[in-house]
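First up is the structure itself, then whatever we jot down about it.
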Amino acid sequence: TITAAEGIDGFTSGDATLSLTFTASEVTNNFAADDITVTNGAISGFSASSGSSSETFLNFDGTDDYVIIENASPAAPPNNTSRSGFAWIKAGAEGGNVFSWGERKTNNRWSILLGGGGIGVIGENNDVKFHGSVELNTWVYVGATFDGSTLTLYVDGVVVKSQLVTTDYETAENTPILIGKLPYDEANGEYFKGGIDEVSIWNNALTTAEVIALYNSGSRLDASSNSGNYVSSSSLVGYWKFNEGTGTSVNDASGNNNGVVNGASWGTSTSSRVYTATLTPIAEGEVTIDVATATFTDASSNNNTAADQF
């Protein structure tokens with residue numbers, strides 16, 4: 001929930017402007033001026049209070065944006081070897097590859113992608129799709145693990161599908177890692193639309209306890225350092241946190257494989273509990289302020305409820 005006030009609800013003022021303070025019941029993500037509707041007035045100078053935190057991420061347009069990691073060393077897990085891959089996503093549409101590697105023409109790839117409202121994996125003749133529920137326009141932690149025989153899909157730390165793979169994956173060796181599209185040798189790129197952050201790939205199969213630790217109730221655990229039940233930092237192939245905020249290069253926090261941004265734009269996600277703004281009346285009469293429901297989230301990706309009208 002969220003409240004906003006300078007005076008008691010329904011008060012009268014002759015001031016040219018009013019200073020507003022919006023106070024959420026807990027820390028929120030992505031509360032923005034666009035989430036506020038004002039009649040007979042205008043909002044300006046909207047900002048998070050001191051003590052807020054900001055993280056950058058990459059926005060993909062769903063048409064031709066992607067990140068490429070060439071000549072990965074250690075290489076992305078090939079053939080039928082164990083692997084795990086996860087990312088935080090804020091999907092703007094169903095469909096599209098979150099990340100992938102291998103070769104598309106022979107389907108010797110390993111792609112984590114969206115579809116049918118959920119997630120799936122495409123690889124060789126072992127496609128497992130689509131399962132779970134991936135809400136659009138909300139940050140969600142998605143990924144999969146494979147231990148050489150069993151594929152497990154996760155959404156927000158919860159197993160949404162676990163399936164025995166009856167034939168081997170034949171993921172092509174020594175191929176680039178692509179974020180936001182399928183392997184690059186295909187004209188139809190299955191491009192992802194929306195935000196992607198904190199992409200991580202391992203050459204082992206994470207346990208469910210590790211995935212839960214990384215999800216960290218929506219607060220995100222740094223994958224480059226072991227903590228609690230998470231003990232696989234030494235198995236990272238790559239960990240792209242997208243903290244640069246500018247430019248066309250993305251650093252690998254595991255120290256292995258930096259990437260190049262092709263077209264994707266930088267975005268910023270801000271978390272805070274208190275926000276301020278200036279209200280300027282633009283007409284005679286009552287001024288109302290509305291904050292709609294389901295426009296921003298808390299640390300656990302729960303949507304806000306609607307605020308009372310002011």
Side-chain angles (χ1 to χ4, degrees), residues 55-79 81-89 96-114 121-123 141-146 169-204 206 214 220 222-224 232-267:
E55 290 193 3
T56 58
F57 60 93
L58 279 172
N59 274 313
F60 297 77
D61 66 3
T63 302
D64 57 5
D65 291 353
Y66 64 96
V67 172
I68 185 168
I69 297 95
E70 294 269 19
N71 305 315
S73 179
N79 301 319
T81 55
S82 296
R83 67 202 63 176
S84 301
F86 284 83
W88 284 91
I89 65 170
N97 282 237
V98 179
F99 55 84
S100 62
W101 64 89
E103 185 181 73
R104 170 65 181 90
K105 289 180 179 178
T106 58
N107 216 25
N108 289 358
R109 59 162 165 157
W110 210 70
S111 297
I112 292 183
L113 72 165
L114 304 184
V121 166
I122 287 182
Y141 192 53
V142 300
T145 66
F146 176 64
Y169 282 114
E170 291 295 337
T171 311
E173 297 186 65
N174 302 315
T175 56
I177 298 168
L178 280 299
I179 299 171
K181 72 181 295 287
L182 55 64
Y184 68 88
D185 61 353
E186 186 76 11
N188 175 16
E190 293 179 3
Y191 289 96
F192 177 89
K193 180 178 177 62
I196 300 180
D197 200 9
E198 301 260 346
V199 179
S200 43
I201 296 171
W202 296 259
N203 59 14
N204 72 331
L206 300 180
L214 287 164
R220 310 187 185 189
D222 191 324
S224 60
S232 292
S233 62
S234 62
S235 297
L236 278 167
V237 170
Y239 179 30
W240 301 276
K241 301 176 74 172
F242 296 164
N243 284 345
E244 292 77 12
T246 187
T248 58
S249 297
V250 289
N251 296 322
D252 179 358
S254 72
N256 296 321
N257 305 294
N258 295 338
V260 177
V261 180
N262 288 267
S265 61
W266 291 99

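Each residue takes its place number in the sequence, starting with 1. Side chains included, hydrogens not; waters and symmetry mates left out as well; all remaining heavy atoms used.
A donor-acceptor contact shorter than 3.5 Å is absent between the side chain of Ser100 and the backbone of Ser111. Checking side-chain atoms of Trp266 against main-chain N and O of Gly247 turns up a donor-acceptor pair under 3.5 Å. A side-chain donor-acceptor contact under 3.5 Å links Ser84 to the backbone of Leu206.
For the side chain to side chain donor-acceptor pair (under 3.5 Å) test, residues two or more places apart in sequence or in another chain that qualify with Ser233 are Asn226. Under the side chain to side chain donor-acceptor pair (under 3.5 Å) criterion, Asn203 pairs with no residue, sequence neighbours left out. Scanning for side chain to side chain donor-acceptor pair (under 3.5 Å) contacts around Ser254 gives Asp252, Asn256, with sequence neighbours left out. Residues satisfying the salt bridge (charged side-chain N to carboxylate O under 4.0 Å, His left out) test with Arg109, not counting sequence neighbours, are Glu190. Asn204 meets the side chain to side chain donor-acceptor pair (under 3.5 Å) test with Ser232; sequence neighbours excluded. Residues meeting the side chain to side chain contact (heavy atoms under 4.5 Å, CB included) test with Thr171, sequence neighbours left out: Arg83, Trp101, Trp110, Tyr169. Every residue two or more places apart in sequence or in another chain that forms a side chain to side chain contact (heavy atoms under 4.5 Å, CB included) with Asn174 is listed here: Ala75. Taking the salt bridge (charged side-chain N to carboxylate O under 4.0 Å, His left out) definition, one finds that Asp65 meets it with nothing, sequence neighbours left out.
Once rounded to the nearest 0.5 Å, the distance linking CZ of Arg104 with OG1 of Thr175 reads 14.0 Å. Put simply, CD1 on Ile68 and CD1 on Ile179 are 10.5 Å apart, with the number rounded to the nearest 0.5 Å. From Ile89, atom CD1 reaches atom CZ of Phe57 across 12.5 Å, with rounding to the nearest 0.5 Å. If you take CG on Leu214 and OH on Tyr141, they are separated by 4.0 Å, rounding to the nearest 0.5 Å.
Sorted by first then second residue, the side-chain hydrogen bond (donor to acceptor under 3.5 Å, both in side chains) pairs that include residues 66-79, not counting sequence neighbours, are Asn79-Glu173.
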Result block: side-chain N/O donor-acceptor pairs under 3.5 angstrom for residues 236-243, not counting sequence neighbours:
from, atom 1, to, atom 2, distance (Å)
Tyr239, OH, Glu198, OE1, 2.5
Tyr239, OH, Ala223, N, 3.3
Trp240, NE1, Asn257, O, 2.6
Lys241, NZ, Asp222, OD2, 3.0

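A 4.5 Å side-chain heavy-atom check between Val250 and Glu244 finds at least one atom pair inside the cut-off. Side-chain contact between Leu113 and Phe192: absent, with no pair of heavy atoms (C-beta onward) separated by less than 4.5 Å.
In plain terms, the two heavy atoms of Ala144 and Val121 that are nearest each other are CB-CG2, 3.8 Å. Across all non-hydrogen atoms, the minimal contact from Glu103 to Thr106 is OE1-OG1, 2.8 Å. The shortest heavy-atom contact between Gly267 and Asn59 is CA-ND2, 4.0 Å. Listed here is the closest heavy atom pair of Asp197 and Arg220: OD2-NH1, 2.7 Å. Across all their heavy atoms, Ala72 and Ile177 have their closest contact at CB-CD1, 4.1 Å. The two residues Ser200 and Trp202 have their closest heavy-atom pair at OG-CH2, 3.0 Å.
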*Check against side-chain contact (heavy atoms from CB on, under 4.5 Å), Phe99 and Val67*: CA-CA 9 Å; Phe99 55 84; Val67 172; over 6 Å; no

_Check against side-chain contact (heavy atoms from CB on, under 4.5 Å), Val261 and Leu58_ = CA-CA 9 Å; Val261 180; Leu58 279 172; 4.0 Å; yes

